[in-house]
Amino acid sequence: ISISGYKIYDEFSERNFIRAEEMHSDSTVSQTGEEEKVSEKQPTTKGETTKDIKTIISQSVKKAELSIPEIVEKVTPSVVGVSSTLSKGKATGSGIIMTDDGYIVTNAHVVEGAENVTILLDSKNEYDAEIIGSDAQTDIAVLKISADEKITPAEFGNSDDLVVGETAVAIGNPLGFEFYSTVTSGIISGLDRELTIEDKLLRLIQTDAAINGGNSGGALVNSFGQVIGISSAKIVTIDAEGMGFAIPINDAVPIIHELINNGYVTGRPLIGIAGFDIDERTAYYYNMKEGVYVAQIKEDSPASIAGIKVGDIIISANGEEIKTMTDLNKIKNNFKPSDTVSVVVFREGKDIPINITLGEVTQ
């Protein structure tokens, strides 16, 4: 079974069935709050700054509605460019200034694997940024700059007050800094949309305001000039147009506070594995079962201590069938660190029950 498993692993790698996600370059298992697929990533810098969470984001009440030009004038100085230097080049995105002392929120995928990060302000001045914390599970990261000029924090609204059909304005840097501070407008098209992106289930705001590559981490703004979402994704298909998504600011605030005060999100359960999905066709071809193939195990992790082995296929957890890593994460995330989860693994032709005492994500 292990030989067959590694053959599958090689084939999946060649066919890009294994997405690049949260594995560090030393081939250990990442601790992002999700059990992950196999990839390589440079570790981010953990912030050492502690700040009273009440001073980070103050959500404002609605005042007078603004025209779109007035919204742009108000919000544009608070939206920045984010440039990440990677081992294979550079990537750009957007960010939102949260405080006048330099805290900035962006998407985690904008700074994923970054060796260093720089921020381009509306003044066109650039500053090096520290990654205070990054959370792949919610796709949120917090950066910090020390600017020698006055910077303008955004005003934040209440995303729970949104109504489908109200005005939405997106501000960001699509396709790089050549189109810095691009503004698009539309409406709120939907609320509480669940979208699975790279095995992570996100609850998002849907808008028809154009959101393109580079907008990630930028601002989705209401008609009062208040940030109510962090632009995150767009559905790209010949069958769909005008389907952009943003993280609700009310969902982002507690994550931002955790990242600033701890460098990570506390209370996240951890199994400590990395692997890939075995679908029905592959299971039939190799005479195994559908589930999650365990490709790597973090040393001294709950999985290791419980007796999970490389080559095992996790086929159920807590009595529920497991077919994908998303299934496993969804069940695991219903528990807390120190809880016990019962799993069944397929190993050498047998189903073996194993109890795992969950650990806690610490970075």
Side-chain angles (χ1 to χ4, degrees), residues 44-45 47 49 51 55-60 66-86 89-111 114-134 140-157 169-185 209-222 224-232 246 249 252 256 259-260:
T44 57
T45 305
T49 306
K51 192 174 181 71
T55 66
I56 296 300
I57 288 183
S58 177
Q59 291 168 301
S60 302
L66 305 175
S67 67
I68 289 178
E70 289 171 333
I71 292 170
V72 173
E73 182 180 6
K74 177 180 177 179
V75 181
T76 296
S78 303
V79 178
V80 302
V82 181
S83 178
S84 298
T85 301
L86 312 173
K90 284 194 174 185
T92 59
S94 307
I96 307 165
I97 299 173
M98 294 185 290
T99 64
D100 57 11
D101 59 349
Y103 281 93
I104 294 167
V105 64
T106 186
N107 286 147
H109 73 260
V110 171
V111 296
E115 297 174 354
N116 67 278
V117 178
T118 58
I119 297 298
L120 178 65
L121 298 180
D122 187 54
S123 65
K124 301 300 184 271
N125 292 326
E126 290 191 35
Y127 295 92
D128 291 332
E130 176 189 7
I131 301 175
I132 298 298
S134 181
I140 293 171
V142 174
L143 312 176
K144 178 72 164 61
I145 63 171
S146 296
D148 56 7
E149 62 186 283
K150 182 178 180 180
I151 59 176
T152 305
E155 181 180 330
F156 293 84
V169 176
I171 303 176
N173 311 305
L175 307 179
F177 294 166
E178 182 180 354
F179 300 99
Y180 188 88
S181 293
T182 291
V183 178
T184 58
S185 66
I211 293 176
N212 296 290
N215 270 109
S216 294
L220 186 68
V221 185
N222 63 15
F224 301 89
Q226 299 168 336
V227 176
I228 42 78
I230 303 168
S231 300
S232 183
I249 200 64
I256 291 167
L259 293 176
I260 288 173

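Any value given below was found using the heavy atoms of this structure, including those in side chains, with hydrogens, waters and symmetry copies removed.
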Trainee: Rounded to the nearest 0.5 Å, how far apart are CG of L120 and OH of Y180?
Mentor: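 The distance works out to 4.5 Å.
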Trainee: Determine whether M98 and V142 make a side-chain contact, defined as any pair of heavy atoms from C-beta on separated by less than 4.5 Å.
Mentor: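 The answer is yes, as the side chains (C-beta and beyond) meet within the 4.5 Å cut-off.
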Trainee: Any side-chain donor-acceptor pair under 3.5 Å between Y127 and D148?
Mentor: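 Yes, because at least one side-chain N or O of Y127 sits under 3.5 Å from a partner of the opposite role on D148.
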Trainee: Does a sphere of radius 6.0 Å around CD in E70 hold more than 12 heavy atoms from other residues, nucleotides or ligands, not counting ones at 6.0 Å or beyond?
Mentor: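 Check passes, neighbour count above 12.
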Trainee: Return the minimal non-hydrogen interatomic distance between L220 and A246, and the atom names on each side.
Mentor: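 Looking at all heavy atoms of both residues, the closest pair is CD2-CB, 3.8 Å.
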Trainee: Where is the tightest heavy-atom contact between I145 and D128, given as atom of each residue plus distance?
Mentor: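 Heavy atoms only, the tightest pair is CG2-O, 3.6 Å.
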Trainee: CG of D122 to OG1 of T76: how many Å apart, nearest 0.5 Å?
Mentor: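 Result: 6.5 Å between the selected atoms.
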Trainee: Just so I know, are the side chains of V105 and I140 near enough to count as touching, which here means a heavy-atom distance under 4.5 Å?
Mentor: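 Result yes, sub-4.5 Å side-chain heavy-atom pair found.
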Trainee: Rounded to the nearest 0.5 Å, what's the gap from CG on L86 to CG on N116? Could you check?
Mentor: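 One finds 9.0 Å between CG of L86 and CG of N116.
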Trainee: Shortest non-hydrogen contact from S134 to V111?
Mentor: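 Here S134 and V111 meet closest at OG-CG2, 4.3 Å.
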Trainee: Just by distance, do the side chain of T85 and the backbone of E115 share a donor-acceptor pair under 3.5 Å?
Mentor: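 Pair absent, no side-chain N/O of T85 close to backbone of E115.
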Trainee: Measuring from atom CD of Q226 to atom CG of L66, what distance do you get when rounded to the nearest 0.5 angstrom?
Mentor: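 So the CD of Q226 and the CG of L66 are separated by 9.0 Å.
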Trainee: Without swapping roles, check the side chain of N107 against the backbone of H109 for a donor-acceptor pair under 3.5 Å.
Mentor: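 Flag not set: sc N107 to bb H109 has no pair under 3.5 Å.
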Trainee: If I compare all heavy atoms of A154 with all of I96, which pair ends up nearest, and what's the gap?
Mentor: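 So the minimum-distance heavy-atom pair works out to CB-CG2, 3.7 Å.
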Trainee: Are the side chains of V227 and V79 in touch, meaning some heavy atoms are under 4.5 Å apart?
Mentor: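 With C-beta onward as the side chain, the pair stays apart.
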Trainee: Does some side-chain heavy atom of Y103 sit less than 4.5 Å from a side-chain heavy atom of I132?
Mentor: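 The answer is yes, as the side chains (C-beta and beyond) meet within the 4.5 Å cut-off.
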Trainee: Working to the nearest 0.5 Å, report the span between CG of L143 and CD1 of I97.
Mentor: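 So the CG of L143 and the CD1 of I97 are separated by 11.0 Å.
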Trainee: How about NZ on K124, more than 12 heavy atoms from neighbouring residues, nucleotides or ligands closer than 6.0 Å, or not?
Mentor: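 Result for NZ/K124: enclosed.
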Trainee: Using 0.5 Å steps for rounding, measure from the CD1 atom of I119 to the CG atom of N125.
Mentor: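 So the gap between those two atoms works out to 13.0 Å.
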Trainee: Just by distance, do the side chain of S94 and the backbone of N173 share a donor-acceptor pair under 3.5 Å?
Mentor: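 Judged by distance alone, yes, a pair lies under 3.5 Å.
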Trainee: For S216, which of T92, V82, T106, V110 qualifies under side-chain contact (heavy atoms from CB on, under 4.5 Å)?
Mentor: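 Only match with S216 under side-chain contact (heavy atoms from CB on, under 4.5 Å): V110.
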Trainee: Grab the two heavy atoms, one from I230 and one from A252, that are nearest each other, plus how far apart they are.
Mentor: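 The answer is CD1-CB, 3.8 Å.
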Trainee: Grab the two heavy atoms, one from K74 and one from S78, that are nearest each other, plus how far apart they are.
Mentor: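 In terms of heavy atoms, the two residues are closest at O-OG, 4.5 Å.
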